[in-house]
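Below, chain A is the first sequence line, B the second, and so on; all start at residue 1. Note that the structure is predicted; figures quoted are calculated from it, not measured.
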Number of protein chains: 2
Amino acid sequence: MTKGANRRATINDVARAAQVSRQTVSNVVNRPDRVAPDTRARVEAEIERLAYRPSSAAKSLREQRAGAVGLELNTLGHGRRGDIIYSFTVELSIGARGHDCHIVTFGSDSDRPSITGYEAMVRARLVDAFVLADTHHDDPRPAWLDKAGIPYATFGRVWDAPDFTGWADVDGAAGTSAAVDHLVAEGYSRVGFLGWPEGSATGDDRRRGWREACERHGIYRESLQASTIQELHPAEEAAAPLIEAVGTGGAIVCVSDVIALAVQQVLLQSGRRPGIDLGITGFDGSPLAEMNDISSVEQPLDQIADELLSQISDRLAGQPLPEQGTLLTPTFVPRASSRRGVEHA
Amino acid sequence: MTKGANRRATINDVARAAQVSRQTVSNVVNRPDRVAPDTRARVEAEIERLAYRPSSAAKSLREQRAGAVGLELNTLGHGRRGDIIYSFTVELSIGARGHDCHIVTFGSDSDRPSITGYEAMVRARLVDAFVLADTHHDDPRPAWLDKAGIPYATFGRVWDAPDFTGWADVDGAAGTSAAVDHLVAEGYSRVGFLGWPEGSATGDDRRRGWREACERHGIYRESLQASTIQELHPAEEAAAPLIEAVGTGGAIVCVSDVIALAVQQVLLQSGRRPGIDLGITGFDGSPLAEMNDISSVEQPLDQIADELLSQISDRLAGQPLPEQGTLLTPTFVPRASSRRGVEHA
DNA sequence: CTGTTAGCGCTTTCAT
DNA sequence: ATGAAAGCGCTAACAG
């Protein structure tokens, strides 16, 4: 194995082959309208024949921009966020091509939020902007990026900066509302909610959707709700009394798939059947839900990724922040856990 | 917001500040031994003060290499491989820094294996090499990369090319063997195995580890095994008879966490308790197992990532393929599903 | 509409 | 041990 592949074609090779100057080739690629049709056709044919693609390094150097977006990955948030992060990373990677950029991932092994990874990426000019996938309370990153003048867009609102509008998120209330509609249509009588403690924008939105839909259907009962943190065992403990409260023939809308799994586990352990004895719905559309046959509210991760990349493009082009953040509508996906007649496999 | 941050320092800025030519700065960074100690100290101080880092674009252009490794991500394999891919991606991203490179992810939305994404990355000279995380039967990628002369390293052996040695993998037999040792020590009497159909190197290794350990303990019974594909429902059907075959007080070693979850689900649905009535162990160390309190064989993903990046460095430096692939030893992590006395939470 | 010139930041000769 | 020169591939600005 020598070094790399058989030398790939450069802009000069194309220019020579097409009998034009290399600037003309550049124009054909970047400003096609400025080139005469027949010349353009000839050049395009040579580009095709030689499989020419501009060198990203040369382009970056010349344009003083990396053409890349950074994404921090860490092991911590994994199970917590219901495995959504991976799918989001995939969608971002797919979407990047359409935005004429690519995704560079980096990771920190420290378990505390830190900006060192971001600094390293910026210093090496490896990326022009960042996508933040999980901002949290006291997150130092937004302020640091603002100060450094580096564009970013966030999946979900920024906790400490309610006025920041560079985000895209799922319409949580629409999701839980759709879940309630489905449960009512299926004939479940009482519909409870197992959520996170009040105070998170995401969790509160999802609770609100449940409440409003229940009110709309005239079945809202304030007592049919409980809170727990995003972990299986605490959720199981919170689930038990709520299951009894809604009773057989009732249903529980859960704020996340992890919590829905907890409800289902408790139910199974007491010999009752999901769907038939108790309706359960989750939220996130994670593989966890699919694997356990739990109905879930699926997030449009492809749209979120695309929106965030668009926002980054705009900011890189010098445009100001949008008027407001973008809320995207999720899709309710029914599975066995919320079908009364269907045996849970 | 103007364009990017306040212009970052270049090698010229450092040279001027340190009163040397810019080549000297370059030498300080790349060939420290060629510079007089006092000059070096002065330059290093300025580098620190100005937070100078070489521009990766300029370096790439000059050195004719991207300094990046490509990793294809797709949504397909997600649940299937027990969510390991995400953790692997994280470890690769973390490890990259130590190998003086970074990871560029790309995705294809097509559901068939294809090389178009790889071609695009290579053409744009965005990466020098690739990590392949999941080669499968009839995978077109290794042959294409070989032909194009692009280095790659694979997580797991290459199905169609048993002689290819540029891989790193987990020692599956050592993992299941450790699981059996643990189960025997815990006092489970009969130990069965629920695996994948014969024919995959990975699955067969894990089965072999179970068999050899059972033989070592004098408890091998050929009938206590069954096969299923890597999906929850088929696995549940295969699990039921095997659970009866090993009986109460027995245990089942599973070829993966997904399959272990299936066994646990069937057990719970029949009112029995994991660990107490039946021991269960999985394989992969996925969040799925952790979340469901299932004992698992954890893969040393950080070591695998590091090994693969080392191999890629070597090949980029012109060194030949290693004599043989690298097998890394996994760690058995006991949880409630394989403790006889402990109540499953 | 096309060609020429210059230079992005860096490293590798080669000469001092 | 240090400095000067050249050039990686590309595109913005200008001249023709």
Q. By salt bridge (charged side-chain N to carboxylate O under 4.0 Å, His left out), which residues pair with B:Glu307, not counting sequence neighbours?
A. none

Q: Specify the residues of residues 21-39 of chain B, ordered by number, for which at least one heavy atom lies under 4.0 angstrom from an atom of DNA chain C.
A: B:Arg22, B:Gln23, B:Ser26, B:Asn30, B:Arg31

**Q.** N/O (side chain, B:Gln64) to phosphate O (OP1/OP2, D:dG7) under 4.0 Å
**A.** no

Q: Measure from CZ on A:Arg62 to P on C:dC10 and round the result to the nearest Å.
A: 16 Å

Q) What's the CG-P distance between A:Asn12 and D:dT11, to the nearest Å? A) 12 Å

Q) Separation of B:Ile47 atom CD1 from C:dG9 atom C1', in whole Å? A) 14 Å

Q: Any chance you could measure A:Ile94, atom CD1, to B:Ser108, atom OG, to the nearest 0.5 Å?
A: 6.5 Å

**Q.** Between A:Ser313 and A:Ser310: side-chain donor-acceptor atoms closer than 3.5 Å
**A.** no

(Q) Using whole Å, what does the distance between atom P of nucleotide D:dT11 and atom CD of A:Glu63 come to? (A) 6 Å

Q. Rounded to the Å, how far apart are A:Arg42 CZ and C:dC1 P?
A. 15 Å

Q: Take the protein atom CD1 of B:Ile11 and the nucleotide atom C1' of C:dT12, then report the distance between them rounded to whole Å.
A: 12 Å

(Q) With a cut-off of less than 4.0 Å, is there a side-chain N or O of B:Lys59 near OP1 or OP2 of C:dG9? (A) no

Q: Please confirm whether B:Tyr152 and B:Phe164 have ring centers closer than 6.0 angstrom.
A: yes

Q: Could you label the plane-to-plane angle of the B:Phe106 and B:Tyr118 rings as parallel, tilted or perpendicular, counting under 30° as parallel and over 60° as perpendicular?
A: perpendicular

Q. What's the CG-P distance between A:Leu61 and D:dC8, to the nearest Å?
A. 13 Å

N/O donor to acceptor pairs below 3.5 angstrom from side-chain atoms of residues 38-50 of chain A, sequence neighbours left out:
residue : atom : partner : partner atom : Å
A:Arg40 : NH1  : A:Pro32 : O            : 3.0
A:Arg42 : NE   : A:Ala18 : O            : 3.0
A:Arg42 : NH2  : A:Ala18 : O            : 3.1
A:Glu46 : OE1  : A:Arg49 : NE           : 3.0
A:Glu46 : OE1  : A:Arg49 : NH2          : 2.8

